[in-house]
K.L.:
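I'd like to ask you about the structure that follows.
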There are 2 protein chains.
Amino acid sequence: MQKKEYTIPMNYASAERQARLFKALMHPVRLQILDLLRDGEQCVCHLEALLGQRQAYVSQQLAVLRKAGLLNDRRDGGNSYYCITRPEVLGLLDSARAIMGEAWSERSAPPPDCPCPRCSPSLGRSPDPVMFSTEEILR
Amino acid sequence: MQKKEYTIPMNYASAERQARLFKALMHPVRLQILDLLRDGEQCVCHLEALLGQRQAYVSQQLAVLRKAGLLNDRRDGGNSYYCITRPEVLGLLDSARAIMGEAWSERSAPPPDCPCPRCSPSLGRSPDPVMFSTEEILR
DNA sequence: TTGCAATATGCAAAAAAAGGAATATACTAT
DNA sequence: ATAGTATATTCCTTTTTTTGCATATTGCAA
């Protein structure tokens, strides 16, 4: 008779480390954010516009992802740009979609109304049609 | 000048569906359970022994995974056996491990002290060395 | 400096998840 | 039926997350 082998559970520390990753991914808006960063970095105002969420809210979710080590941020003047540090996580999203079924909608749309210099070099912050001088507004 | 394409976020419903999956995976003990089920179904008492956790606790975590659609249960006499319904989730665990680094320990160990018929056909419930008749115990 | 825009952070109430304990259910054997 | 074993579920308390709101910070321009 052959010696029987018994499986032992993966150690708790490893399980916790993995759980931390999934914990970062367990939030719909955070998943949307990661998905939006697929093709490269985006500035916060852009994400805000695309998601239609309050600024502080988006910033909070970004912070969660950043603290989990999934995002890097880069400051450029007034704007900050976030990008994915571990592109492998995108594979997790794809697997999740495959497992839970149902593809998501098309991935192209009309331009969001986002003021960041990259999105709207003309519109944006830069020239900013001045209609009143500070003095006029303050009367 | 080329028409610029804009990415839209995956719809919230999809994101929520995926989030539900990750939510089920965000718990260390649940990950340990899934890992123990890699090589096929196991009975609850077995899992209990391997994890060193209370029965009710293990049962609760199994229920979470079952309700998330990740586990199937099969009743056989007094015991119930759980198995993974979507083997693809194991890929998620592997990816998570790869992303979070650090391999887990060896996967073989001495037999757990588990009473289920499969583990210990001799030991187990079945023969059960009878030392007293019911009458004797009840006096 | 002052003011404004972009972004981040702190705080508190509400919601959700975790974990313990008791109890319920289902089978088996007597 | 009765008792015992294996497993599931319910209830309750504690801990974490979530999320809105206010405020702080940073950079830039007037």
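Chain naming here is simple, since letters A, B, ... match the order of the sequence lines and numbering starts at 1 in each. Because the structure is predicted, anything quoted here is derived from the model rather than measured.
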K.L.:
Nearest whole Å is fine: how far is C:dG19 P from B:L51 CG?
P.N.:
13 Å
K.L.:
Identify which nucleotide among D:dT19, C:dA21, C:dA8 has an atom closest to any side-chain atom of B:A56, counting heavy atoms from C-beta outward.
P.N.:
C:dA21
K.L.:
Is A:Y12 close to B:V29 at the side-chain level, that is, under 4.5 Å between some pair of heavy atoms?
P.N.:
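A side-chain contact under 4.5 Å exists here.
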K.L.:
With respect to the side chain of B:R30, which nucleotide from D:dT19, D:dA8, C:dA18 is positioned closest?
P.N.:
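Taking heavy atoms from C-beta onward, the closest nucleotide is C:dA18.
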K.L.:
To the nearest Å, how far apart are B:N72 CG and D:dA8 P?
P.N.:
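In whole Å, D:dA8 P and B:N72 CG are 13 Å from each other.
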K.L.:
Think A:R66 has a side-chain N or O under 4.0 angstrom from the OP1 or OP2 of C:dT9?
P.N.:
yes
K.L.:
Using heavy-atom distances to pick each residue's nearest nucleotide on DNA chain D, tell me which of A:K23 and A:G77 is more 5'.
P.N.:
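Whichever sits nearer the 5' end wins; that is A:K23.
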K.L.:
Any side-chain N or O of A:R75 under 4.0 Å from OP1/OP2 of C:dA6?
P.N.:
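Result: no.
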K.L.:
Should B:N79 be listed as having a side-chain N or O under 4.0 Å from OP1 or OP2 of C:dC27?
P.N.:
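Answer no for this pair, as no side-chain N or O of B:N79 is under 4.0 Å from OP1 or OP2.
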K.L.:
With a 3.5 Å cut-off and heavy atoms only, can you find an N or O donor on one side and an acceptor on the other between the side chain of A:Q55 and the base of C:dA6?
P.N.:
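Looking at the base of C:dA6, it does not pair with any donor or acceptor on the side chain of A:Q55 (distance under 3.5 Å).
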K.L.:
Could you give the CG-to-P distance, from B:D73 to D:dA6, as a whole number of Å?
P.N.:
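These atoms are roughly 18 Å apart.
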K.L.:
Send over the distance from B:Q53 CD to C:dA21 P, rounded to a whole Å.
P.N.:
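Taking CD of B:Q53 and P of C:dA21, I get 13 Å after rounding.
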K.L.:
Is A:A63 touching bases, backbone alone, or none of the nucleic acid, heavy atoms closer than 4.0 Å?
P.N.:
nothing
K.L.:
Rounded to the Å, how far apart are A:Y57 OH and D:dA22 P?
P.N.:
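A:Y57 atom OH is separated from D:dA22 atom P by 18 Å.
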K.L.:
Return yes if the base of D:dT10 and the side-chain atoms of B:Q60 contain a donor-acceptor N/O pair under 3.5 Å, otherwise no.
P.N.:
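Checked by distance alone, the answer is yes.
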K.L.:
Any salt bridge between A:R38 and A:D94, counting N to O under 4.0 Å?
P.N.:
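A:D94 and A:R38: salt-bridged.
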K.L.:
Choosing from D:dT17, D:dA8, D:dA22, which nucleotide comes nearest the side chain of B:Y82?
P.N.:
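Per side-chain heavy atoms of B:Y82, the pick is D:dA8.
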K.L.:
Heavy atoms under 4.0 Å, any strand shown: does B:S59 hit a base, just sugar-phosphate, or nothing?
P.N.:
base
K.L.:
Base, sugar-phosphate, or nothing for A:Y81, non-hydrogen atoms under 4.0 angstrom?
P.N.:
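Result for A:Y81 = nothing.
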K.L.:
Are B:R54 and C:dG20 close enough that a side-chain N or O sits under 4.0 Å from OP1 or OP2?
P.N.:
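Result: yes.
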K.L.:
Side chains of A:L70 and A:V64: closer than 4.5 Å at any heavy-atom pair?
P.N.:
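Heavy-atom side-chain distance check fails, nothing below 4.5 Å.
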K.L.:
Report the distance from atom CD of B:Q61 to atom P of D:dA8, rounded to the nearest whole Å.
P.N.:
13 Å
K.L.:
For B:E48 and D:dA6, give me the distance from atom CD to atom C1', rounded to whole Å.
P.N.:
8 Å
K.L.:
Any side-chain to backbone donor/acceptor pair from A:T85 onto A:N72? Under 3.5 Å, distance only.
P.N.:
no
K.L.:
So A:L62 and A:D73, do their side chains get closer than 4.5 Å, heavy atoms only?
P.N.:
no
K.L.:
Report yes if a side-chain nitrogen or oxygen of B:H46 is closer than 4.0 Å to either non-bridging phosphate oxygen (OP1 or OP2) of D:dA6; otherwise report no.
P.N.:
no
K.L.:
How long is the straight-line distance from OH of A:Y82 back to CG of A:L47, given to the nearest 0.5 Å?
P.N.:
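Those atoms lie 9.5 Å apart.
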K.L.:
Would you kindly give the CD1-to-P distance between A:I33 and D:dT18, to the nearest whole Å?
P.N.:
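Taking CD1 of A:I33 and P of D:dT18, I get 12 Å after rounding.
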K.L.:
Which listed nucleotide (C:dG19, C:dT7, D:dT18) is nearest to the side chain of A:M26?
P.N.:
D:dT18
K.L.:
Look at A:S80 and C:dA6 and indicate whether a side-chain polar atom (N or O) is within less than 4.0 Å of OP1 or OP2.
P.N.:
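No, because none of the side-chain N or O atoms of A:S80 sits under 4.0 Å from OP1 or OP2 of C:dA6.
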